Each structure stands twice: as C-alpha cells, then as structure tokens.
Asker: 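Please find one structure pasted underneath; my questions will follow.
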Amino acid sequence: MGLLLRRAKHKFGDSDWCQIPTELSLRCISYKASADTVDLSPPHAPKEESLKVFSEVESDLKKTLLHLKHTYLKHEPEYFAAVQDLPDADLTSFTSSDLEAVRVANSAYGIHLFGKVRIPALPDSGPAYIHFRAFVGGDEDGEPARATLHSIHTEEKEEPDGGRKYRAIFNKDDALEWFDT
C-alpha cells in the first residue's frame with residue numbers, strides 16, 4: 001500500500017503532516033500525540049483562544065479536581081497533601097484570571113492546550129498550582145469543536161534516594177511540561 005503525505009490545517013496554528021494510504025485517501029493513520037510527535041510551544045500568558053478553551057472546560061476541570069482529591073485522599077493521600085485541609089469551595093475558587101500560563105501543540109487531529117492555574121486560596125510561596133490538559137478537535141467543516149478536558153496532571157516521581165514523590169499540586173517554579181496523566 002502506498003502512502004501519501006497530506007497537510008492538515010487548524011485554526012489555532014501551523015499545519016501538520018499526516019500519512020494517508022493512497023488506496024484510502026480520506027482515512028488518516030492515527031497516532032498518539034506525545035512530546036516526541038508534536039512541537040509544544042514555549043510557556044506564555046494565555047491569549048483569547050486559550051481563555052475560550054479554559055472557559056469551555058472550567059466546569060469539568062473543577063468537578064474532576066474535586067473527584068480526584070476525594071479519591072486520592074482515600075487511597076493515596078500524598079498526591080493532594082498540600083490541599084487536604086482546604087475546603088472544596090476554596091480549592092475550586094479559581095477563574096480564568098488565575099490561568100497564568102499555557103503551552104499549545106498542534107497534532108493532525110486537533111489542538112492540545114496545557115494550562116497552569118493558580119489556586120487563589122493558597123499562598124504563592126508553596127504548592128498552589130494545578131496543571132491541566134485540554135483538547136480541541138475539529139468538526140466536519142474543519143472548524144474547532146468544543147474543548148474537552150483531557151486530564152489533570154498527577155505526578156509520581158522517583159527520588160534520588162529511591163523513594164517516590166506523589167503530587168497533583170505544583171509550585172510556581174514547576175515547569176508546565178507535556179503529560180498524559
């Protein structure tokens with residue numbers, strides 16, 4: 001089967017190339033977007049389109065954050081130790097004005113937006129941020145569809161002493177990097 005390269009354009013940025021079998025010229029071979037397969041923009045302040053995406057996922061972001069907090073506090077409390085005593089209303093009191101940084105990546109099938117949100121009820125000097133990932137696919141006409149929440153970052157990191165560190169609440173200086181979970 002021969003392959004042909006075809007350019008896919010998106011409203012949010014540059015075009016990407018995807019492989020299309022010549023016999024099935026309308027069907028794109030899917031691949032999983034990752035830090036290795038797409039270019040993630042440098043961190044920057046959110047612009048109008050990023051704020052629109054945030055507003056579309058804000059409600060789901062808050063519901064999912066509360067669900068994760070309550071689930072992890074039962075089974076793996078270290079992930080949410082920084083906010084274990086913070087009332088739910090305070091944990092989810094953030095708004096679009098608390099979205100401090102974003103990074104964007106284009107893939108053949110949509111836009112991946114990574115965001116860093118400050119939790120206003122927490123002091124800036126310690127863990128006070130969540131990192132989330134949203135996705136904007138295209139509709140049948142090639143226009144952006146409604147954004148969906150992909151995930152909230154939870155990190156399991158091996159320490160130099162062999163131990164493990166778990167967290168879902170990050171510091172101001174923690175880089176906003178590509179993540180799947």
Side-chain angles (χ1 to χ4, degrees), residues 12 32-35 38 40-107 110-137 144-181:
F12 291 98
K32 182 180 178 194
S34 70
V38 298
L40 191 58
S41 73
H44 59 276
K47 298 175 184 160
E48 182 180 344
E49 288 295 330
S50 297
L51 292 169
K52 180 179 180 268
V53 169
F54 180 83
S55 72
E56 290 177 3
V57 301
E58 184 177 3
S59 177
D60 285 341
L61 179 60
K62 290 177 179 186
K63 283 188 259 183
T64 303
L65 182 61
L66 291 178
H67 175 75
L68 287 174
K69 176 189 174 190
H70 294 285
T71 300
Y72 278 97
L73 285 177
K74 289 180 198 170
H75 306 289
E76 298 179 44
E78 192 175 348
Y79 279 103
F80 284 89
V83 295
Q84 67 185 3
D85 296 325
L86 189 66
D88 290 351
D90 289 342
L91 178 60
T92 58
S93 64
F94 55 83
T95 66
S96 61
S97 64
D98 299 303
L99 178 61
E100 292 194 1
V102 296
R103 297 184 77 180
V104 180
N106 292 310
S107 71
I111 306 300
H112 307 268
L113 180 125
F114 294 81
K116 184 175 200 154
V117 180
R118 187 175 185 304
I119 301 167
L122 295 173
D124 201 34
S125 59
Y129 295 83
I130 60 168
H131 295 178
F132 74 92
R133 178 177 170 184
F135 177 75
V136 183
R146 183 170 171 79
T148 56
L149 178 65
H150 181 281
S151 60
I152 295 173
H153 188 31
T154 56
E155 181 181 76
E156 178 181 343
K157 189 175 182 182
E158 189 169 336
E159 295 291 325
D161 65 0
R164 295 220 175 275
K165 180 179 179 180
Y166 304 90
R167 64 185 180 157
I169 310 299
F170 297 87
N171 294 309
K172 183 175 187 142
D173 295 335
D174 289 322
L176 181 59
E177 300 289 346
W178 183 280
F179 61 86
D180 291 312
T181 60

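Along the sequence shown, residues are numbered consecutively beginning with 1. Bear in mind that the values here come from a model prediction, so they are computed numbers and not experimental data.
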Asker: Could you verify whether a donor N or O on one side chain and an acceptor N or O on the other, from D88 and H70, lie under 3.5 Å apart?
Answerer: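 Yes, a side-chain donor-acceptor pair sits under 3.5 Å.
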Asker: Kindly give the heavy-atom pair with the smallest separation between E58 and T95, and that separation in Å.
Answerer: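 What the structure gives for the nearest pair is OE2-CA, 3.7 Å.
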Asker: Assess K69 against F80: is NZ or CZ under 6.0 Å from the centre of the six-membered ring, and within 45 degrees of the ring's axis?
Answerer: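 Judged by the rule, K69 and F80 form no cation-pi pair.
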Asker: Could you tell me whether the side chain of L61 reaches within less than 4.5 Å of the side chain of I130, counting heavy atoms only?
Answerer: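 In short, these two side chains touch, coming nearer than 4.5 Å.
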Asker: Within this structure, what is the CG-NZ distance for the pair L65 and K63, rounded to the nearest 0.5 Å?
Answerer: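 One gets 13.0 Å once the value is rounded to the nearest 0.5 Å.
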Asker: Please work out which of the three classes, parallel, tilted or perpendicular, describes the rings of H112 and W178, given edges at 30° and 60°.
Answerer: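 Answer is tilted, since the angle falls between 30° and 60°.
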Asker: Charged N to carboxylate O below 4.0 Å: is that the case for E156 and R167?
Answerer: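 The answer is no: the pair does not qualify as a salt bridge.
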Asker: Are H153 and F114 close enough that their ring centres sit under 6.0 Å apart?
Answerer: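 No, ring centres 6.0 Å or more apart.
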Asker: Provide the closest heavy-atom pair for A145 versus V136 in the form atom of the first, atom of the second, distance.
Answerer: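 Answer, listing the atom of A145 first, then V136: O-CG1, 3.3 Å.
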Asker: Mind checking the CZ-CG spacing from R118 to D98? Nearest 0.5 Å is all I need.
Answerer: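 Reported value, rounded in 0.5 Å steps: 7.5 Å.
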Asker: Please check if the side chain of N171 supplies one atom and the backbone of D173 the other of a donor-acceptor pair under 3.5 Å.
Answerer: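 Not a single qualifying donor-acceptor pair exists.
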Asker: Grab the two heavy atoms, one from P127 and one from L122, that are nearest each other, plus how far apart they are.
Answerer: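 Of all heavy-atom pairs spanning P127 and L122, the closest is O-CD1, 3.5 Å.
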Asker: What closest approach, in Å, do P42 and H44 show between heavy atoms, and which atom pair accounts for it?
Answerer: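 For P42 and H44, the tightest heavy-atom pair comes out as O-ND1, 3.0 Å.
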Asker: So how far is it from D180 CG to H150 NE2, rounded to the nearest 0.5 Å?
Answerer: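 NE2 of H150 is found 6.0 Å from CG of D180.
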Asker: For the CD1 atom of I119 and the OG1 atom of T92, what is their distance to the nearest 0.5 Å?
Answerer: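 Atom-to-atom, I119:CD1 and T92:OG1 are 9.5 Å apart.
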Asker: Donor-acceptor pair, R103 side chain versus G115 backbone, under 3.5 Å?
Answerer: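 Absent.
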Asker: Sub-3.5 Å donor-acceptor pair from the side chain of S93 to the main-chain atoms of D90, do we have one?
Answerer: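 Such a contact is found between S93 side chain and D90 backbone.
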Asker: Would you sort out whether L99 and L51 count as a side-chain contact (heavy atoms from CB on, under 4.5 Å), showing the intermediate values?
Answerer: CA-CA 8 Å; L99 178 61; L51 292 169; 4.2 Å; yes
Asker: Which atom names give the shortest non-hydrogen contact between V102 and S50, and what distance separates them?
Answerer: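 Taking every non-hydrogen atom into account, CG2-OG, 3.7 Å.
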Asker: Out of curiosity, T154 OG1 to I169 CD1, how far, rounded to the nearest 0.5 Å?
Answerer: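 The OG1 atom of T154 sits 10.5 Å away from the CD1 atom of I169.
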Asker: Are side-chain heavy atoms of V104 and L40 found at a separation under 4.5 Å?
Answerer: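 Contact flag for V104/L40 side chains = no.
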Asker: Would a 4.5 Å heavy-atom cut-off, applied to side chains only, mark L113 and F132 as touching?
Answerer: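 L113 vs F132: side chains touch.
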Asker: Look at atom CD of E48 and say whether more than 12 heavy atoms of other residues, nucleotides or ligands are closer to it than 6.0 Å.
Answerer: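 No.
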Asker: Look up atom CG in L176 and atom OH in Y129, then write down how far apart they are to the nearest 0.5 Å.
Answerer: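 Between atom CG of L176 and atom OH of Y129 there are 12.0 Å.
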Asker: When you measure from the side chain of E158 to the backbone of R164, do you find a donor-acceptor pair of N or O atoms at a distance under 3.5 Å?
Answerer: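 No.
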Asker: Is V117 close to F54 at the side-chain level, that is, under 4.5 Å between some pair of heavy atoms?
Answerer: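 The answer is yes, as the side chains (C-beta and beyond) meet within the 4.5 Å cut-off.
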Asker: Where do I152 and H131 land on the side-chain contact (heavy atoms from CB on, under 4.5 Å) test, with the steps shown first?
Answerer: CA-CA 6 Å; I152 295 173; H131 295 178; over 6 Å; no
Asker: Under 6.0 Å between the ring centres of Y72 and Y166?
Answerer: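 Not close enough - the centres of the two rings lie 6.0 Å or further apart.
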Asker: Determine whether E155 and F170 make a side-chain contact, defined as any pair of heavy atoms from C-beta on separated by less than 4.5 Å.
Answerer: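 SC-SC contact between E155 and F170 confirmed.
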Asker: Given salt bridge (Lys or Arg N to Asp or Glu O under 4.0 Å), test E78 with K165 step by step and report yes or no.
Answerer: CA-CA 8 Å; E78 192 175 348; K165 180 179 179 180; over 6 Å; no
